[in-house]
Amino acid sequence: MPIPHASEALSRFTVLDLTRVRSGPTCVRQLADWGATVIKIDALTEDSGGEQPGGPRRGSDFQNLHRNKRAMTLNLKDARGLAVFKRLAAKADVVVENFRPDVKKKLGIDYESLAAINPGIVYGSISGFGQDGPYHKRPGFDQIAQGMGGLMSITGAPGEGPMRVGIPVADLTAGLFCAMGILTALLEREVSGKGQWVQTSLLQAQIFMLDFQAARWLMEKEVAKQAGNNHPTSIPTGVFKTSDGFINIATTGGRIWERCAQTIGAPELYSHPDYATAPSRSKNRDALNAEIEKRTLTKSTETWVREFNDAGVPCGPIYAIDQMFDDAQVKHLGIAQDVPNGEDRHIRLVGQPVTLSRTPSRMVARPPEFGEQTDEVLKEFGFGADEIAGLRNAKVV
């Protein structure tokens, strides 16, 4: 049967997916959603049972991470299974893994071993702390990286202690950065003809995501603190109560601050000496926020969103997730997409946030069942029917 491709953009590339949990599958999902032929290697062991860390195979989390892929089973701890994998790797373009750094060497599937049989292989690795160094053997976990990467020290309200972010931001960004690195290496391979090893870690990704907060320390030796819902530098920017909920208001300069003051019916705040300049607004932030909130409490969120937008003041409602998906602009963007499947199951997931005019990404295939396409994949890589039967009998696949 023809291989479904989510896009034509990467359809010429074949990816062997050894990843699990979140950071690695996030990386491979990017490649699958842009059309690469992705083969998910399900570990075949006595206790595998068709599941993996990350929840039930038909649960929302697994379904979200593994759409647009196919799967085969393989016992990499068996020498015959290793030989099968190396035959696949000899023809593949990309291998992605997020084992602890020492595991792949023990299995014999590290970059050096595969590059010896396929010099063009692009090998993506995601770890907790890096492939070497004093912490390289430590197991990685998103919240650990959020803490060590500085994010929890600047998240939450002052005085309430460190706070994690509500999504696994280190896992997700490490996956995205690894995908970017793989795509960069594939572009470079078109010039050199050679593959290379792409490495990132949860810790590196989290530190990179500090962005201007990290630069404030590196350049100016300022240690950022928790600011709650207040923006650290653009003031007034934050969350304000309305008559029926909350609203975000963002001002990025004196002109927008003037419009904001006029819109809330308090033009005197703009000319008040305590709020006339950015440094004075920063110094008197709490008092200014209280003055603004006295006015925002008088109308509904919907009314304020309309009036602020009419005045050119950036603002927006604060949605729960169900409200967000019901928003008119979110519906227009079409980011929530149905996944076709022969079982007529309801699978609706978040699609790619990037649109390409000629080669868009689509949902073309539900996540595979455990080892669902094992025989199909092996045939594509040149394994004969007797050979496949022998591998099955030996419990290698």
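As a basis for the values below, the full set of heavy atoms in this structure was taken, side chains included, without hydrogen atoms, waters or symmetry mates.
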Verdict with reasoning, Ile247 to Val239, per side chain to side chain contact (heavy atoms under 4.5 Å, CB included): CA-CA 6 Å; Ile247 187 174; Val239 174; over 6 Å; no

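- Proximity of a side-chain donor or acceptor of His66 to a complementary backbone N or O of Gln63 within less than 3.5 Å is not detected.
- In this structure a side-chain-to-backbone donor-acceptor pair under 3.5 Å is present from Ser11 to Glu8.
- With ring centers used as reference points, Phe246 lies 6.0 Å or more from Phe240.
- Look at Asp110 and Lys104 and you find no salt bridge, because none of the NZ, NE, NH1 or NH2 atoms lies under 4.0 Å from a carboxylate O.
- Looking only at distances, a side-chain donor or acceptor of Arg362 sits under 3.5 Å from a matching main-chain atom of His5.
- Leu82 and Leu114 end up in the same hydrophobic cluster when Ile, Leu, Val, Met, Phe, Trp and Tyr side chains are linked at under 4.5 Å.
- Arg295 contributes a side-chain N or O that, together with a main-chain N or O of Glu291, makes up a donor-acceptor pair within less than 3.5 Å.
- Between Ile39 and Lys69 the shortest side-chain heavy-atom distance does not fall below 4.5 Å.
- Taking the side chain as every heavy atom from C-beta outward, Ile292 and Ile264 approach each other to under 4.5 Å.
- For the residue pair Gln146 / Asp142, a side-chain donor-acceptor distance below 3.5 Å is found, with atom types taken as modelled.
- Between the Ser243 side chain and the Lys299 main chain, a donor and an acceptor come within less than 3.5 Å of each other.
- Within 6.0 Å of CD1 in Ile321 there are 12 or fewer heavy atoms belonging to other residues, nucleotides or ligands.
- Annotation: side chain of Tyr275 is not in contact with side chain of Tyr270 (no heavy-atom distance under 4.5 Å).
- Sorted pairs that involve residues 318-356 and meet ring pair (Phe, Tyr, Trp, His ring centres under 6.0 Å), not counting sequence neighbours, are lacking altogether.
- Chaining together hydrophobic side chains whose heavy atoms lie under 4.5 Å apart places Ile347 alongside Val339, Leu349, Met363.
- Counting only N and O atoms by type, the side chains of Thr26 and Ser23 include no donor and acceptor under 3.5 Å apart.
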Stepwise side chain to side chain contact (heavy atoms under 4.5 Å, CB included) check, Ile235 with Asn230: CA-CA 8 Å; Ile235 302 163; Asn230 292 320; over 6 Å; no

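- The 12-atom threshold is exceeded at CE of Met152, counting heavy atoms of other residues, nucleotides or ligands nearer than 6.0 Å.
- At most 12 heavy atoms of other shown residues, nucleotides or ligands fall within 6.0 angstrom of atom CE in Met180.
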Take Glu387 and Arg87, measure what salt bridge (charged side-chain N to carboxylate O under 4.0 Å, His left out) needs, and give me the verdict at the end. CA-CA 13 Å; Glu387 198 172 8; Arg87 279 179 64 176; 2.6 Å; yes

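- Ring geometry for Tyr123 against Tyr111 counts as perpendicular: the plane angle is over 60°, on a 0 to 90° scale with 30° as the lower cut.
- Side-chain atoms of Cys27 and Val96, non-hydrogen and from C-beta on, do get closer than 4.5 Å to each other.
- Rounded to the nearest 0.5 Å, atoms CZ (Phe381) and CE (Met72) are 8.5 Å apart.
- In this structure a side-chain-to-backbone donor-acceptor pair under 3.5 Å is present from Asn68 to Val364.
- With values rounded to the nearest 0.5 angstrom, Phe383 atom CZ is found 5.5 Å from Leu378 atom CG.
- Between Arg70 and Glu376 a salt bridge is recorded (basic side-chain N to carboxylate O distance below 4.0 Å).
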Given Lys106 and Asp102, is the salt bridge (charged side-chain N to carboxylate O under 4.0 Å, His left out) satisfied, shown in steps? CA-CA 7 Å; Lys106 291 177 181 176; Asp102 55 323; 3.6 Å; yes

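- No donor-acceptor pair closer than 3.5 Å links the side chain of Glu222 to the backbone N or O of Trp217.
- Between Arg67 and Asp33 there is a salt bridge, since at least one side-chain N of the basic residue sits less than 4.0 Å from a carboxylate O of the acidic one.
- Paired with Trp304 under the rule side chain to side chain contact (heavy atoms under 4.5 Å, CB included), one option of Thr296, Ile249, Val313 passes, and it is Thr296.
- Using a 4.0 Å cut-off between charged nitrogen and carboxylate oxygen, Lys283 and Asp274 do not count as a salt-bridge pair.
- With respect to Lys194 and Glu188, no salt bridge is recorded, no charged nitrogen being found less than 4.0 Å from a carboxylate O.
- Side chain of Thr200 to backbone of Phe177: no donor-acceptor contact under 3.5 angstrom is found.
- Gln204 places a side-chain N or O within 3.5 Å of a backbone atom of Ser201 that can act as its donor or acceptor partner.
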